[in-house]
Amino acid sequence: MGVVNVTPDSFSDGGRFRDHQAAIAHGRSLVDQGADWVDVGGESTRPHAEPVSVDEELRRVIPVVESLASEGVAVSIDTRKAPVAEAAVAAGALMINDVSASLGAVAGATGAAFVAMHMLGDPRTMQADPAYGDVVAEVRDFLVDRADAARAAGVHEVWIDPGIGFGKTLDHNLDLLANLDVLVATGYPVLVGTSRKGMLGTLAARADAAGAVPPAGDRLEGSVATAVWALLRGAAMVRVHDVAATVRAVEAIQVVAAPAA
Ligand code: HH2
């Protein structure tokens with residue numbers, strides 16, 4: 001799944017695809033690089049991000065969804081808002097990617113597939129001392145509850161996502177990545193997004209002699225490594241900004257993981 005953020009402020013690529021034509025061209029390019037899905041978002045959910053109005057989010061995403069979908073691209077809409085999800089599906093989106101895991105009924109009513117992601121709190125407050133008893137079990141139980149509810153609401157395809165970086169410390173993120181098999185064992189297909197996230201900056205700083213944290217646009221190695229890790233541990237899809245590099249890495253490692261007889 002390749003990411004297109006039609007926002008001024010996304011942590012990873014904010015401002016680059018604000019313009020509709022730039023966003024559409026980027027979506028096409030991600031498909032050319034090997035993306036099966038293009039995830040279009042109009043509201044940053046980075047830590048401390050301010051919410052965006054429904055009207056503004058619609059203005060940002062709908063022309064992009066409409067154009068890519070009309071070209072046959074499988075578009076998912078990355079939103080927490082029911083009116084945005086409904087309008088995006090009407091414009092051709094086939095999946096609702098919901099970081100609040102609350103739009104299962106909207107997916108059921110519109111016939112879209114659904115991603116339920118785990119987040120503790122909301123983006124404005126989620127990184128203020130997040131705490132869990134057992135992060136893996138709590139995230140799993142939450143996701144299974146939301147996924148079961150979505151299925152009961154008639155959703156034909158339900159994905160679960162641990163929400164790396166959404167109300168989690170570095171140790172929480174690492175625990176979830178180390179134990180992806182627990183999510184895979186639920187039977188729901190698992191989506192994982194580590195691409196360019198803060199935890200990769202922290203890990204890169206640990207490996208740097210000067211302790212420098214690379215900016216979000218300079219976290220390719222960690223992004224690709226953790227995407228490959230997630231897929232080898234049973235995730236069915238990864239959400240990434242750098243599609244070409246990820247596809248190349250996955251193709252290389254598939255040969256190692258399953259050598260030709
Ligand atoms: N991460 C981000 C946004 N949406 N959706 C899913 N399912 N899983 C994720 O891990 C996930 C997501 C954050 O990344 P990005 O879109 O690059 O940044 P921003 O929220 O600042 O736009």
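Here the structure is a predicted model, which means the values were calculated and not measured. Remember, it's 1-based here, ligands and their atoms both numbered in the order they're listed.
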Out of curiosity, does V89 fall in the hydrophobic cluster containing V54 (side-chain heavy atoms, cut-off under 4.5 Å, transitive links)?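 Hydrophobic grouping puts V54 with V89.
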List ligand 1 atoms under 4.0 Å from [X], heavy atoms only on the residue side.
| X | value |
| --- | --- |
| G193 | 10 (O) |
| S10 | 19 (P), 21 (O), 22 (O) |
| R46 | 20 (O), 21 (O) |
| L191 | 7 (N) |
| T45 | 3 (C), 19 (P), 20 (O), 21 (O) |
| V99 | 4 (N), 5 (N), 12 (C) |

At under 4.0 Å between heavy atoms, is it the side chain or the backbone of [X] that contacts ligand 1, or both, or neither?
| X | answer |
| --- | --- |
| M117 | side chain |
| T7 | neither |
| D78 | side chain |
| D9 | neither |

Looking at ligand 1, would W159 count as a contact under a 4.0 Å heavy-atom criterion?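 Contact check W159 vs ligand 1: negative.
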So is R196 touching ligand 1 or not, going by heavy atoms under 4.0 Å?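 No, R196 has no heavy atoms under 4.0 Å from ligand 1.
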So, taking the atom named CG in N97 and the one named CE in M1, what distance separates them when rounded to the nearest 0.5 Å?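 Those atoms lie 5.5 Å apart.
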Atom pair CG/CG of D171 and L176 - distance to nearest 0.5 Å: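 These two atoms lie 11.0 Å from each other.
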Is the closest side-chain donor-acceptor distance between Q33 and S29 under 3.5 Å?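 Yes, side-chain donor-acceptor contact under 3.5 Å.
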Check each of R239, M237, M95 against atom 14 (O) of ligand 1 and report the one with the nearest heavy atom.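 Ranked by closest heavy atom to atom 14 (O) of ligand 1, first place is R239.
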Before accepting this row, confirm whether a basic side-chain N of the pair R60/E57 lies closer than 4.0 Å to the acidic partner's carboxylate O.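 Here R60 does not pair with E57 in a salt bridge, since their nearest N and O are not under 4.0 Å apart.
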Say whether, by atom type as modelled, one donor and one acceptor occur between the side chain of [X] and the main chain of [Y] under 3.5 angstrom.
| X | Y | value |
| --- | --- | --- |
| Q127 | K168 | yes |
| H20 | R59 | yes |
| K197 | S195 | no |

May I ask you to identify the nearest protein heavy atom to [atom], giving residue, atom name and distance to one decimal place in Å?
| atom | value |
| --- | --- |
| atom 5 (N) of ligand 1 | N97 ND2, 3.1 Å |
| atom 1 (N) of ligand 1 | K197 NZ, 3.1 Å |
| atom 8 (N) of ligand 1 | D161 OD2, 2.7 Å |
| atom 21 (O) of ligand 1 | S44 OG, 2.7 Å |

Going by salt bridge (Lys or Arg N to Asp or Glu O under 4.0 Å), name the pairs with one or both residues in residues 232-248, residues two or more places apart or in two chains.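 Qualifying pairs: D39-R239, D78-R239, R196-D242.
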Mind telling me whether F17 and H26 have parallel, tilted or perpendicular rings, with 30° and 60° as the class edges?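 Because their plane-to-plane angle is under 30°, the rings of H26 and F17 count as parallel.
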With R46 as reference, evaluate D9, T7, N5 under the side-chain contact (heavy atoms from CB on, under 4.5 Å) test and give the passing residue.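 That would be D9.
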Is the shortest N/O to N/O distance between E43 and ligand 1 below 3.5 Å?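 Checking ligand 1 against E43, no N or O pair falls under 3.5 Å apart.
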